[in-house]
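Just so it is clear: chains get the letters A, B, ... in the order the sequence lines come, proteins before strands, and each one is counted from 1.
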Amino acid sequence: MSAERPTNLTINARFDMWLKFQADETVRVATGKVEIGQGVVTALSQIAAEELDLSLDQVVMLSGDSDQGPNERYTSSSLSIMDSGAAIRAVCAEARDLLLSRAALRLNCSGDQLSVVEGSFLVDGAASDLNYWDLAHEIDWSQAPEGDAKAKAAKDYRIVGQSIPRADLTEKLHGGAFIHDWLPEGVLHARVLRQPGPGAVLRSLDEAAIGRAAGGDIEVLREENFVAFVGADEAVVEAAAAAAPAHAQWDGAPVIDAAQQDGAWLRGQASDDRIFGAPEEAEIAGDRVQATFSRPYIAHASLAPSCALALYEDEHLTIWSHGQGMHPLRHNVADVLGLDNGSVTALHMYGAGCYGHNGADDAALDAAIIAMRMPGRHIRLQWRREEEFGFEPFGPAMLIDLSVRVDDAGRPADWTAEIWSPTHVQRPGSGSGYLLAAEALANPPDALEPWDPPEAAGGGGTRNAKPYYDIPNSRIHHHLVTNAPVRTSALRTLGALPNVFALEAMMDELAMKAGIDPLDYRLSLLSDPRAAAVLSAVAARANWAERGPGGEGRGVGIAFSRYKNMAAYAAVVVALNVDEEVHLEKIWVVADAGLVINPDGICNQLEGGAIQGASWTLKEQVQMQGSGVTSLDWDSYQILRFSEIPEIEVEVLDQPEQPSLGVGECSVSPTAAAIGNAVAHALGVRIHDMPLSRQRIMATLLEQTSN
Amino acid sequence: MAKTYQLTVNGAVRAVEAAASMPLIYVLRNELGLTGTHYGCGLEQCGSCMVLIDGEPGHACTSAMDSVAGKAIETIENIGTEAEPHPLQQAFMEEQAGQCGYCLSGILISAKALLDENPNPDRADIVAALDSHLCRCGAHVRIIRAIERAAARMRGEVTP
């Protein structure tokens with residue numbers, strides 16, 4: 001491994017922000033990244049145990065603690081192993097070196113004679129009576145790590161590269177472990193009446209009617225346009241909140257036209273415009289191929305409604321949250337409430353999968369506002385199901401025009417993507433958004449400048465819009481739409497899914513036009529051998545050569561993407577049947593993620609990503625009209641069910657000498673694109689707008705018949 | 001008005017005071033401390049809250065107290081322990097069948113009901129038993145495989 005000082009080590013430049021040698025002869029390893037079902041805390045423990053030559057049960061992980069752990073911002077963008085993993089590896093390797101130097105002095109030998117097994121020193125392979133914990137107190141762990149210690153060679157790994165079972169899964173199989181399940185003594189339950197939109201003013205609230213509907217004791221807390229119901233009996237509080245919207249009248253509530261729910265609406269809306277890449281189209285004589293693609297708004301649709309606990313006691317606020325970043329949450333909540341960072345602690349607990357920025361952080365502020373008004377009491381705030389579907393920040397709709405000039409050989413010579421999309425990141429405190437309830441309080445925050453993640457971080461609406469293929473000229477016209485009808489923010493892959501869906505559809509169209517097999521066409525344009533390798537491997541597994549001419553209702557499609565054009569590589573083949581709707585038969589995924597920490601953990605992520613990508617592509621669309629979102633339950637917001645799940649086969653190519661590449665999102669977008677290509681293969685006609693729902697398939701078939 | 005209801009929960013007779021319309025889930029979680037039964041939607045649409053009611057899977061989120069009075073309720077807390085897991089839990093662990101895990105309590109309940117009734121389910125039986133359950137992380141394939149593995153082991157077949 002190279003010894004470049006990891007960024008997160010520079011931000012958290014003290015050994016003791018990462019490591020603590022504990023009296024019970026364990027080492028506490030802290031990370032700012034949190035477990036959201038992706039297995040990252042287990043993988044990070046493997047890296048720590050490896051570098052420190054400990055057994056896994058000697059490593060105790062501390063995750064998402066704003067006071068005692070490092071600030072690693074959010075658990076997002078497939079960066080946990082690349083960032084936190086690199087920092088933990090470096091700090092552990094250096095701590096081991098420091099301890100070895102001490103041991104050499106104490107044992108009167110040279111460092112070369114020493115080795116470590118489970119934290120105990122061996123001299124020339126023979127046991128000594130000295131271990132890490134005998135020496136740890138002699139070292140000043142408040143010092144800054146240099147970050148340049150030589151880490152272990154991959155060939156010496158014993159724990160990294162093993163499929164260690166997830167540490168969190170045991171308790172989850174026995175019903176426990178979630179923030180929702182923590183009911184401290186004397187806890188008060190709380191629900192909120194949501195402000196319908198920014199700027200809406202609560203004109204009247206019939207508290208008596210709400211009280212009657214509650215059927216028990218509740219306290220109504222009101223602060224400007226923020227209203228909460230609090231009580232000891234959760235069912236009573238829930239009943240109050242369920243009744244409340246019918247007894248509240250608002251001025252200035254938003255009104256949404258149903259047309260706004262589609263990607264097509266975005267064209268020509270107010271936007272902040274930028275161009276990336278070669279500004280001018282190259283002068284090429286060849287044909288131009290154009291197509292327009294769209295995706296609607298989609299939801300995180302976490303299985304559990306968001307939940308948070310808060311306690312304000314002795315002028316200190318403690319928040320428990322399942323959000324993706326406890327340091328940013330502490331700062332953001334402190335900011336809204338006018339507290340110092342030092343007066344707030346944010347601690348992570350498990351929640352349902354979030355796949356990005358869902359309602360978790362907003363629920364934490366809701367709980368905190370109430371806790372500040374009721375000192376000394378634990379407040380347990382849970383969103384209602386309708387609230388989660390109605391007020392989470394959605395994955396934005398997108399509209400993508402592709403225009404490609406091909407050369408004489410049918411190769412793309414000039415590529416333009418024109419993208420309309422609302423922002424993909426409104427995480428509070430990143431300069432781009434606010435905690436929801438802040439809008440309802442007395443001094444709502446100012447409107448923010450339009451913002452989307454920069455290209456160096458992978459972009460937002462532009463993510464993966466630049467082809468990874470060898471194309472001499474390309475550019476992106478990015479219209480960052482600023483008047484979206486709903487709040488939008490980070491959802492797994494950001495803009496990559498629609499962009500890869502469009503790009504890979506275009507590749508198939510260009511291949512067909514050139515009369516070349518889509519796999520061969522792609523391979524001829526990929527000079528990166530690792531990209532070619534995943535494509536070739538997936539094609540071999542799926543017996544691509546036998547896919548047949550298509551057009552008879554059965555289709556096989558292929559797609560490739562390297563996430564953010566800099567993280568893991570993934571190629572996917574999908575086989576499916578289309579009658580009145582799409583029936584997935586099988587998905588093959590082959591990925592290259594560089595050095596693999598936990599092979600089964602990666603496979604689990606690849607499989608889950610493929611299924612989630614398939615669900616978005618085939619089924620999902622947030623519906624909105626009138627006063628807001630109307631898809632407020634699982635009937636109106638359908639996701640893929642057990643009876644719709646295909647077989648899945650995954651393979652991870654072994655690259656132990658390459659740096660680890662973020663893998664959590666890499667299978668999602670190519671799966672979507674391979675489905676699009678397989679449907680086109682099955683029908684002989686392409687559908688450009690997601691979701692490829694029954695309704696859309698039927699409309700396409702009807703059009704085909706009438707033609 | 002609150003009434004006193006008797007029901008058998010995980011083998012023990014419990015008396016609880018609750019309104020007739022009180023959903024069972026709040027009694028289990030907040031009165032009896034059985035928080036392994038999870039709230040998901042309150043609409044019988046996701047399966048997170050599944051419990052066994054007289055041996056049949058039922059939604060705790062919509063089962064009112066007066067409809068379950070006198071019945072036997074079994075929750076996830078009664079299915080194996082971490083030290084001695086049920087074959088289903090053992091198989092889920094071996095297959096690493098789960099990501100966030102929020103759906104697992106309910107899915108394990110329906111899987112147990114299936115295997116209690118049918119020790120030799122085929123894949124279609126398993127899918128049918130789980131089709132009212134949602135998993136958002138995409139662990140479906142592993143969950144199905146884990147149930148097959150548990151069933152095989154419970155039949156005394158050797159599993160890898």
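- With a 4.5 angstrom heavy-atom cutoff, H189(A) touches chain B only via side-chain atoms.
- Remark: side-chain polar atoms of E620(A) are not paired, donor with acceptor, to backbone N or O of I298(A) under 3.5 angstrom.
- Residues H180(A) and R380(A) form a side-chain contact, since some pair of their non-hydrogen atoms from C-beta on lies under 4.5 Å apart.
- With no hydrogens or angles considered, a side-chain donor-acceptor pair links N10(B) and T75(B) at under 3.5 Å.
- Residue I126(B) does not touch chain A at all, counting heavy-atom pairs closer than 4.5 Å.
- At least one donor-acceptor pair closer than 3.5 Å links the side chain of Q46(A) to the backbone N or O of I597(A).
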Yes or no on side chain to side chain contact (heavy atoms under 4.5 Å, CB included) for S132(B) and F642(A), after CA distance, side-chain angles and deciding distance?
CA-CA 8 Å; S132(B) 65; F642(A) 272 93; over 6 Å; no
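- Within residues 108-121 of chain B, the residues approaching chain A closer than 4.5 Å by heavy atoms are, in numerical order, L108(B).
- No side-chain heavy atom of C100(B) sits less than 4.5 Å from a side-chain heavy atom of L303(A).
- Within the 4.5 angstrom heavy-atom criterion, only side-chain atoms of L183(A), from C-beta onward, approach chain B.
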Donor-acceptor contacts under 3.5 Å from residues 11-22 of chain B side chains, at least two apart:
none

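- Between R384(A) and the options E386(A), E388(A), E387(A), a salt bridge (Lys or Arg N to Asp or Glu O under 4.0 Å) holds for only E386(A).
- At distances below 3.5 Å, not a single donor-acceptor pair connects side-chain atoms of E171(A) with backbone N or O atoms of A177(A).
- Counting heavy atoms from C-beta outward, R641(A) and L134(B) have side chains that approach closer than 4.5 Å.
- Heavy atoms of C603(A) lying under 4.5 Å from chain B belong to its backbone as well as its side chain.
- Using a 4.5 Å cut-off between heavy atoms, H140(B) touches chain A through backbone and side chain atoms alike.
- Residue I107(B) touches chain A through its side chain alone, counting heavy-atom pairs closer than 4.5 Å.
- Residues I639(A) and W634(A) meet the side-chain proximity criterion, which asks for heavy atoms closer than 4.5 Å.
- Residues E651(A) and W588(A) are not in side-chain contact: their nearest non-hydrogen atoms beyond the backbone lie 4.5 Å or more apart.
- Side-chain contact of Y26(B) with E31(B): a donor-acceptor pair under 3.5 Å is absent, judged by distance alone.
- In this structure, the side chain of S78(A) engages the main chain of E665(A) through a donor-acceptor pair within 3.5 Å.
- Y637(A) places no side-chain N or O within 3.5 Å of a backbone atom of A301(A) that could act as its donor or acceptor partner.
- Looking at heavy atoms from C-beta onward, I36(A) lies in side-chain contact with V34(A) at the 4.5 angstrom threshold.
- Taking Q612(A), E644(A), R166(A), E607(A) one by one and counting their heavy-atom pairs under 4.5 Å with chain B, the maximum is reached by R166(A).
- For Q382(A), the part sitting under 4.5 Å from any heavy atom of chain B is the side chain, from C-beta outward, and nothing else.
- The parts of L130(B) that come within reach of chain A are both its backbone and its side chain, each placing non-hydrogen atoms under 4.5 angstrom from that chain.
- For residues 81-97 of chain B, heavy-atom neighbours of chain A at less than 4.5 Å comprise T81(B), E82(B), P85(B), Q89(B), F92(B), M93(B), Q96(B), A97(B), sorted by residue number.
- Residue F389(A) does not touch chain B at all, counting heavy-atom pairs closer than 4.5 Å.
- Of all residues in residues 46-65 of chain B, those placing a non-hydrogen atom less than 4.5 angstrom from a non-hydrogen atom of chain A are C46(B), S48(B).
- For the options V141(B), L43(B), L34(B), heavy-atom pairs under 4.5 Å to chain A are most numerous at V141(B).
- Between the side chain of S631(A) and the main chain of S636(A), no donor-acceptor pair closer than 3.5 Å is present.
- Proximity to chain B is absent for every atom of Y350(A), based on heavy atoms less than 4.5 angstrom apart.
- Chosen from D168(A), I648(A), D635(A), L640(A), the residue pairing most often with chain B at heavy-atom distances under 4.5 Å is D635(A).
- Interface summary for chain A: among S105(B), G106(B), G98(B), A128(B), the most heavy-atom pairs under 4.5 angstrom belong to G98(B).
- For S163(A), no part sits under 4.5 Å from any heavy atom of chain B, backbone or side chain.
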